[in-house]
Amino acid sequence: MGAKESRIGFLSYEEALRRVTDVELKRLKDAFKRTCGLSYYMGQHCFIREVLGDGVPPKVAEVIYCSFGGTSKGLHFNNLIVGLVLLTRGKDEEKAKYIFSLFASESGSYVIREEMERMLHVVDGKVPDTLRRCFSEGEKVNYEKFRNWLLLNKDAFTFSRWLLSGGVYVTLTDDSDTPTFYQTLAGVTHLEESDIIDLEKRYWLLKAQSRTGRFDLETFGPLVSPPIRPSLSEGLFNAFDENRDNHIDFKEISCGLSACCRGPLAERQKFCFKVFDVDRDGVLSRVELRDMVVALLEVWKDNRTDDIPELHTDLSDIVEGILNAHDTTKMGHLTLEDYQIWSVKNVLANEFLNLLFQVCHIVLGLRPATPEEEGQIIR
């Protein structure tokens with residue numbers, strides 16, 4: 001099950017292409033290029049995450065990658081196409097041949113019972129009771145006997161159940177009656193469908209720089225800092241990472257960019273609030289307010305030369321001034337609503353918002369909505 005060459009020799013690349021439309025092939029090539037960059041190979045983690053998805057048991061996913069011809073170097077595009085066609089459009093006879101090849105001996109002519117049981121223990125943790133029927137006449141079986149048993153016992157083990165009993169959720173087509181992913185995102189953000197398509201290209205380029213294959217803080221930090229101060233990088237990352245799984249997926253970056261740059265002012269300031277709410281408890285404590293003021297003053301000094309009173313005011317006095325004027329609960333913190341009221345007319349908060357606006361367009365790839373916006377970003 002861990003072979004480093006494709007076990008799908010019975011289905012050629014040419015035959016696989018005959019089962020794929022030109023539109024599907026172009027979409028697959030574009031997706032492969034976005035995911036793998038200039039390489040002709042897709043790594044194992046990328047294959048499992050981006051092609052198979054969460055619905056495939058991990059051990060089964062590893063088996064599929066290796067059996068498609070995946071190596072430490074990666075999986076070639078041609079082998080990927082052949083494998084996807086087998087999974088999504090293969091006949092039961094072809095799938096049975098594929099499963100037989102996973103357990104077969106080096107010669108490929110028979111399956112040995114002891115070896116098959118060992119592999120099933122690794123993948124499933126157990127051996128199905130029905131397997132004894134397959135080997136009722138001896139300790140090894142040829143393809144014909146294996147196929148006859150397998151097609152009568154499609155639920156015998158995880159891999160056969162997933163492949164032969166309707167468990168495959170991988171697809172090569174789009175349902176034209178269903179909104180596309182881009183249309184769905186456009187419907188829940190302030191972005192146009194064309195914005196999201198362009199943004200996706202940039203997202204995959206940025207993600208390709210990751211050492212882990214995920215758009216995590218290690219990848220995000222150096223991209224935005226500078227011009228964002230290192231003290232704010234993690235907070236900005238957390239503002240995008242809505243589900244707190246320590247990486248930013250494409251939906252999160254789309255929704256974050258929309259909230260930060262395209263929404264109404266209240267929504268944009270809400271995004272900034274998340275940057276400063278380090279413990280994510282929904283309020284800005286005295287400590288968080290102090291750190292926020294320090295960061296905002298640094299942003300001002302980095303980007304502006306004009307003088308403001310805050311530059312000559314004691315830090316503690318600024319924090320207490322904010323709390324005295326805007327802490328509506330009188331509990332020594334600012335709620336989101338308190339922050340929004342304070343930030344509307346505050347020059348420090350608005351300068352930070354302007355900086356985020358530039359970073360989101362120049363670094364993260366959001367396209368300016370108007371010529372005026374483009375001019376502002378360039379300046």
Side-chain angles (χ1 to χ4, degrees), residues 202-203 206-207 209-210 214-249 252-263 265-306 308 310-311 313 315-316 318-319 322-323 326 333-336 338-340 342-344 346-366 376-377:
R202 179 65 175 168
Y203 173 78
L206 296 176
K207 189 177 176 182
Q209 301 175 33
S210 172
R214 293 152 66 94
F215 198 12
D216 50 20
L217 180 58
E218 180 184 329
T219 306
F220 181 84
L223 291 172
V224 300
S225 179
I228 298 292
R229 286 273 178 162
S231 59
L232 290 171
S233 295
E234 186 171 356
L236 181 57
F237 176 86
N238 291 336
F240 280 106
D241 183 21
E242 278 287 336
N243 62 1
R244 307 183 188 185
D245 61 356
N246 299 317
H247 75 278
I248 303 172
D249 60 35
E252 287 173 329
I253 204 165
S254 298
C255 293
L257 290 174
S258 168
C260 183
C261 300
R262 294 286 178 84
L265 183 58
E267 187 175 344
R268 296 174 68 191
Q269 292 293 9
K270 179 180 179 181
F271 182 86
C272 294
F273 177 87
K274 293 178 182 178
V275 174
F276 303 122
D277 184 17
V278 177
D279 58 8
R280 297 179 171 184
D281 64 350
V283 297
L284 298 184
S285 66
R286 241 186 196 85
V287 173
E288 288 171 333
L289 281 173
R290 182 183 179 88
D291 292 341
M292 176 193 78
V293 172
V294 169
L296 292 181
L297 287 171
E298 289 174 343
V299 168
W300 184 273
K301 293 172 187 175
D302 286 343
N303 296 278
R304 300 286 290 265
T305 57
D306 40 331
I308 54 173
E310 286 88 344
L311 294 175
T313 307
L315 183 60
S316 297
I318 297 175
V319 172
I322 294 172
L323 287 171
H326 299 284
H333 60 224
L334 291 192
T335 64
L336 170 60
D338 295 339
Y339 174 85
Q340 288 173 321
W342 167 77
S343 63
V344 167
N346 185 271
V347 292
L348 292 175
N350 283 293
E351 184 59 30
F352 179 60
L353 192 56
N354 289 336
L355 177 61
L356 288 185
F357 185 81
Q358 295 168 40
V359 169
C360 288
H361 286 82
I362 297 170
V363 179
L364 300 180
L366 182 61
Q376 177 188 346
I377 293 163

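- In plain terms, the two heavy atoms of Val319 and Arg290 that are nearest each other are CG2-CA, 3.8 Å.
- Shortest non-hydrogen contact noted between Ser231 and Ala295 is OG-CB, 4.4 Å.
- Remark: of the listed residues Val278, Leu289, Asp291, Leu289 is the sole one forming a side-chain contact (heavy atoms from CB on, under 4.5 Å) with Leu284.
- The shortest side-chain heavy-atom distance between Asp249 and Phe240 does not fall under the 4.5 Å cut-off.
- Residues Ala349 and Trp342 approach most closely at CB-CZ3, 3.9 Å, considering heavy atoms.
- The two atoms that bring Leu353 and Cys260 nearest to each other are CD1-O, 4.1 Å, heavy atoms only.
- No side-chain heavy atom of Asp241 sits less than 4.5 Å from a side-chain heavy atom of Phe220.
- The shortest side-chain heavy-atom distance between Leu356 and Phe352 falls under the 4.5 Å cut-off.
- Contact of the Asp277 side chain with the Tyr339 side chain is not registered, since no non-hydrogen atoms from C-beta on lie closer than 4.5 Å.
- Contact check for Leu311 versus Lys301: side-chain heavy atoms found under the 4.5 Å cut-off.
- Residues Ile308 and Trp300 come closest through the heavy atom pair CG2-CZ2, 3.5 Å.
- Counting only N and O atoms by type, the side chains of Asn346 and Ser343 include no donor and acceptor under 3.5 Å apart.
- Closest heavy-atom contact between Glu252 and Ile248: OE1-CA, 3.3 Å.
- Judged by distance alone, the side chain of Asn238 and the main-chain N or O of Val275 form no donor-acceptor pair under 3.5 Å.
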